[in-house]
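A quick write-up on the structure given underneath.
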Amino acid sequence: MKNSWIGWMLVLVFSSMMVSGTVHAQENEMTEMRVSVELLENGTGIITEERDMILDSGTELYIVINEEDGLELLDFQVDGLREVDDWDSDLSREEKAGTYGMIQDGDSIELVWGISEYGEQSYTLSYAVANVVRQLNDGQALFWDFNTFGELEPENLVIEISGPQPFSEEDTRLYGFGYEGQVDLVDGVLRSTSEGGVEADRPVAILMQFMNDPFIPSYYVDETLEEQVERAEAETSRGGEGSIDSSILATALAFLVAGFLAFIFALFNIDARKKEQGKVPSASIQRKRNKGLMFTAIPYKDGELTDIAFFLQQLHKGTYEQYIFAYLLKWSKEKLVSIKTEADESGDAETTVLTFAPHTFRKKRENSLNTSHFELELWELFVAASDDKNQLTNEEMTRWAEKNGKGLQALQQSLMDESQAVLIKEGYLKEKTLKFMTMKLPFMGITKKGQKLYDRLTQFENHINALKKDPSLSYRQLIEEKDFLIWASLYGKEEDVISQLEEVVPEWQTQQIEGLPYFYTGYYGLHMMSTSVHTGLSNGGYTHTGGTGGPTSIGGGGGAIGGGGGGVR
C-alpha cells in the first residue's frame, strides 16, 4: 500500500514536469505592478496594488490571500468599482463589469473584480491584513509573499513598505527572495525593484526584521530572528550567484518534489486522523462552524480569565500583552489599583502613576476560591517594580522590565501552561496519542464540554465584531460595560469599545458621568502602562548588529505568508 501511493506521487511529479515544459500562449499581460504597504503600530498592513495591464480574454481578475498563521483580512476595495456581497464567477463579463467582491475558500480568500473592457487597463486595489508583523523571541519581523499575480507575472515590480516611524538602518534588516533585484532603505522606507521581471507562480518575498521592536503586534512566533533567516535562505544562498546544470537540477528537483509530496501526504493523513479522534479545531474551521452565531453574555464564568487562554490562542487572540492589559483593567475595577495621569513639567507628555494596594490584594486572594498563578505572579512583578509607597510610573516600568526580561518571558510561557493544565483537569481538553508507522504523536483533543466553551468564545468574538459594524445592536449586550471592556481587551478590541464610547459620550474623559465606571477615564493610562511592559521587555532583550540593503535572492523565501497567487479567468 505504501509503495502504491508513493508510485502515484512519482507519476504526478513527472507528469507535472512534462506539463511545465509545454509552452502556453500568454494572451494577458501585466506590464507593471507597484505595491505599497503601510504598517500600523499594531502590526496590521494596509496594502495597495497598482496594476498596469493589457487584457485580451477572461471575465474577472483575482488575487489570493491565505488567512493562515494568524492572518486576518480586514478590508478590500477596488477604486472606481462597486462592491457586491455574494460574488458569482459564473456571471458574464458584462454582468461583472464595474464590481468587485470576495470568495472564501477555507483559509484562502479570493479578492475578485470584473473586467469591463479589454486592451490597456489600470487598476488600484487595497486591502488590510491583521498580524502582518509578528513578535519573535528576540525581535519583530514581517515576512510577506507579494505573489498575488500567479501566472500573470509583472514585467516590472516595485515594492515599498513604510511604518509608523521611519525605519533606521541600525535597527532594520532587509532581505528579498524569489526574484532578481535590489532591496534598500530610502528615507526610512523600504524600496525594492525587480530587474528583468519575476517568474510566474514563484514566491516574491520580503523579509524585514526589526531589532528595536517598533510595533505592538498581537501574534507571537516561537522563533529567533536568526532561525527565521536560516529558514528563509534554506533553498539557496543570498544573491543567487553560480549556476547548476539544468539536467542535474531537473533530476534533483524531481526527487525533492517527490519527497515533499510524500511528506505533505503524510501530514494530511496525520491531520485527518487527528480530526477523526477529536483534535482541537483550527481557527478557520472554528469560525466557519460558528459563522453568524452570537454569544452576548460572558462566555466563561467558571474560573479565572487565564483558564481560557489556550482556546483564545487557537483563535489567535489572548496574547500575553492583552492579558496584562485585561488584568490592569480588572484590578482597577476591583479597586486594587488606582490610576493617575499627570502632565510633565513641559506639558508635552503625560506620565501614568499606578498605586497598588497589596493588603487588599492579599485579603482578596485569601477569600477567593479561584486563584490564578499568572495573576499572582503578574501582580508581584508590578509590586516589585513599584517604590516604597507602592507607586509605579510608566517610565519606571519600562526601566524595570529592561532588567527583568527573563522573568517576564517566563511569565508569558506560564500563561499557556496554566491554561492548558486547568482545561485538562476540568474536562475541556484531553491529551491523546496518534500512532503513525513506528511513531507515537501526542496531540490535544477537545471534549464536548470543551467544544461548547470554544464555540462560546468564538461566538463572543462575532458579537464584538457585529457591534463594531453596527453599534445599534448594543441592545443585545448582556454584560455590564465595565466587564465588557475587560473581555474585549482579551480579543484586542478594547479600542473599538472606547471609540464607540467617545462617539456616544464625547465628554466622558473630562467629566464625571453618572453610571460610567471610573476606570474608563484611566483607560489610556493603563494602556500606556501595558505598552511600557512591552517596551521594557524589548529593550532588555537581545542585541543585534543591523544589516540592511543589497541584492535579492532568486531562491529562498520558504515560510513567507500572505500572497497565494492570482490571475485572470
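These numbers come from a predicted model, not from an experiment. Residues take their numbers from the sequence shown, with the count starting at 1.
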Has [X] got a side-chain atom pairing as donor or acceptor with [Y]'s backbone, closer than 3.5 angstrom?
X      : Y      : result
Gln135 : Gly139 : yes
Arg191 : Gln182 : no
Gln420 : Met416 : no
Asn462 : Lys291 : no
Asn28  : Asp56  : yes
Gln209 : Leu225 : yes

Residues [X] and [Y] bridged, charged N to O under 4.0 Å:
X      : Y      : result
Glu223 : Arg134 : no
Arg34  : Glu49  : no
Arg93  : Glu60  : no
Glu151 : Arg569 : no
Arg173 : Glu226 : yes
Lys317 : Glu72  : yes

Checklist entry - Quick check, are the ring centers of Tyr175 and Phe143 under 6.0 angstrom apart? => result no
Checklist entry - What is the minimum heavy-atom distance between Phe76 and Gly101, and which atoms define it? => result CE2-O, 3.5 Å
Next on the checklist: So which atom in Ser218 and which in Asn131 form the shortest heavy-atom distance, rounded to 0.1 Å?
Outcome noted: CB-OD1, 3.8 Å
Checklist entry - Under 30°, 30 to 60°, or over 60°: which ring-plane class applies to Tyr491 and Phe460, parallel, tilted or perpendicular? => result tilted
Next on the checklist: What's the separation between atom OH in Tyr454 and atom CG in Asn290, rounded to the nearest 0.5 Å?
Outcome noted: 9.0 Å
